[in-house]
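Structure record follows, encoded as structure tokens.
When reading the values below, keep in mind they use all heavy atoms of this one structure, side chains included, and skip hydrogens, waters and symmetry mates. The structure displayed is predicted, hence computed values, not measured ones.
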Amino acid sequence: MRNRFDQQLALLNVELVTMGALCEEAVVYATKALFQKEEGMIARAEDAEVQIDQKEKDIENLCMKLLLEQQPVARDLRVISSALKMISDMERIGDQAADIAEIVKYMEDRQIPNPAHLKEMSDFAAGMVTESINSFVNKDLELAKKVIVEDDVVDDYFEKVKSDLIAAIARSGQEQNLEQDSQFFLDLLMIAKYIERVGDHATNIAEWVVYSITGSHPEETN
């Protein structure tokens, strides 16, 4: 009985890694569509989001089987309950990537003000997603804590992007182009906010990893 349970837990890890990889791909595809204007990137981001939704259902079903059929002990219960919380955050990451792709689909092809900050922010947030899932699979408490701290880095990037856009709006106003530029700047701000939310969800995942390992959620100890 325990051998079968361990096999199903191993399958749960594989499914979570797959879902996490899809989340990272969705964010990468959506931001590539923004920065590189590569054909097909929007469609790939949207397709990844569909696969993420399906993975959420598959993992949820697997967790329910583990809970109902295997009578897990306390530590196993923490792992399974944490996985259920994590897939909810991963599903939201997929939604945000799809939202970015949807905005990019209708954006004007124009120069992004100081694009490095937005690019670095998106790369960093996508990396946090991978790290958070890896910390769960490897039961790596230190990596999970690292991801939680990294949320501040994404927040700092968001402030830099906002400052870049404020400066660009000021220049546009001086040149009397603000009316035609306003939608473009608003789109960029929305994209930055979605990326910032990706970082938040990766942090949530890492916090549930901490709970699965220690039995204490970081928010409860603050």
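I191 places a side-chain heavy atom less than 4.5 Å from the side chain of M107. Within the 4.5 Å cutoff, the side chain of Q96 has heavy atoms near those of the R92 side chain. With a 4.5 Å cut-off on side-chain heavy atoms, V149 and K146 do not count as touching. W208 places none of its side-chain heavy atoms less than 4.5 Å from the side chain of S81. The shortest distance between side-chain heavy atoms of D89 and M86 does not fall below 4.5 Å. Looking only at side-chain heavy atoms (C-beta outward), T203 and E150 stay at 4.5 Å or farther from each other. Inter-residue side-chain proximity for P113 and L188 is flagged as met; some heavy-atom pair is nearer than 4.5 Å. Between I93 and I205 there is a side-chain heavy-atom pair separated by less than 4.5 Å.
Tracing side-chain contacts under 4.5 Å through hydrophobic residues (I, L, V, M, F, W, Y), one reaches V17 starting from V27; they form part of the same cluster. By the rule that hydrophobic residues join a cluster once side-chain heavy atoms approach within less than 4.5 Å of another member, V28 and V104 end up as members of separate clusters. There is a path of hydrophobic side-chain contacts, each under 4.5 Å, that joins M190 to I42. Under the 4.5 Å side-chain heavy-atom criterion for Ile, Leu, Val, Met, Phe, Trp and Tyr, V198 and M41 are members of distinct hydrophobic clusters. Both L84 and L11 belong to a single network of hydrophobic side chains, linked directly or stepwise wherever heavy atoms of I, L, V, M, F, W or Y lie under 4.5 Å apart.
Summarising the geometry of L143 relative to E131, their closest heavy-atom pair is CD2-O, 3.5 Å, with the distance given to 0.1 Å. Heavy atoms only, all atoms of each residue included: R75 and S212 are closest at NE-O, 4.2 Å. Nearest approach of A206 to A144, heavy atoms of both residues: CB-O, 3.4 Å. Between I195 and V154 the shortest heavy-atom distance is O-CG1, 4.3 Å. Smallest separation of non-hydrogen atoms from V161 and A192: CG1-CB, 3.8 Å. Across all their heavy atoms, G94 and I52 have their closest contact at CA-CD1, 3.7 Å.
N138 is linked by a side chain to side chain contact (heavy atoms under 4.5 Å, CB included) to N134, D140, counting only residues two or more places apart in sequence or in another chain. D99 meets the salt bridge (Lys or Arg N to Asp or Glu O under 4.0 Å) test with no other residue; sequence neighbours excluded. Every residue meeting the side chain to side chain contact (heavy atoms under 4.5 Å, CB included) condition with D152, not counting sequence neighbours, appears here in chain and number order: D155. With sequence neighbours excluded, the residues that form a salt bridge (Lys or Arg N to Asp or Glu O under 4.0 Å) with K55 are E15.
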Take E60 and K57, measure what salt bridge (Lys or Arg N to Asp or Glu O under 4.0 Å) needs, and give me the verdict at the end. CA-CA 5 Å; E60 193 172 66; K57 294 182 178 71; over 6 Å; no
Go through the steps to decide whether L66 and D76 satisfy the test side-chain contact (heavy atoms from CB on, under 4.5 Å), and finish with yes or no. CA-CA 9 Å; L66 285 165; D76 297 328; over 6 Å; no
Intermediate values then yes/no, side-chain contact (heavy atoms from CB on, under 4.5 Å), H217 and E207: CA-CA 6 Å; H217 193 283; E207 289 175 346; 3.5 Å; yes
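Between the CZ atom in F184 and the CD1 atom in I169 there is a gap of 11.5 Å [rounded to 0.5 Å]. Atom CG of residue L189 and atom CG of residue D164 lie 11.5 Å apart, to the nearest 0.5 angstrom. Interatomic distance, L141 CG to K139 NZ, rounded to the nearest 0.5 Å: 12.5 Å. Annotation: the span from K160 atom NZ to L118 atom CG amounts to 13.0 Å, rounded to 0.5 Å. Considering CG of L77 and OG of S82, their distance stands at 10.0 Å, rounded to 0.5 Å. A distance of 14.5 Å separates NZ in K162 from NE2 in H117, rounded to the nearest 0.5 Å.
A salt bridge links D200 to R197: at least one charged side-chain nitrogen sits closer than 4.0 Å to a carboxylate oxygen.
The side chain to side chain donor-acceptor pair (under 3.5 Å) pairs that include a residue from residues 119-130 are E24-T130, K119-D123, E120-Y157, where partners are two or more places apart or lie in different chains. Applying the side chain to side chain donor-acceptor pair (under 3.5 Å) test to pairs two or more places apart or on separate chains, those with a residue in residues 44-54 are E46-K105, D47-Q51, Q54-D58.
For S163 (side chain) and E159 (main-chain N/O), a donor-acceptor pair under 3.5 Å exists by modelled atom type. Listed for the S135 side chain is a donor-acceptor partner under 3.5 Å among the backbone atoms of S132.
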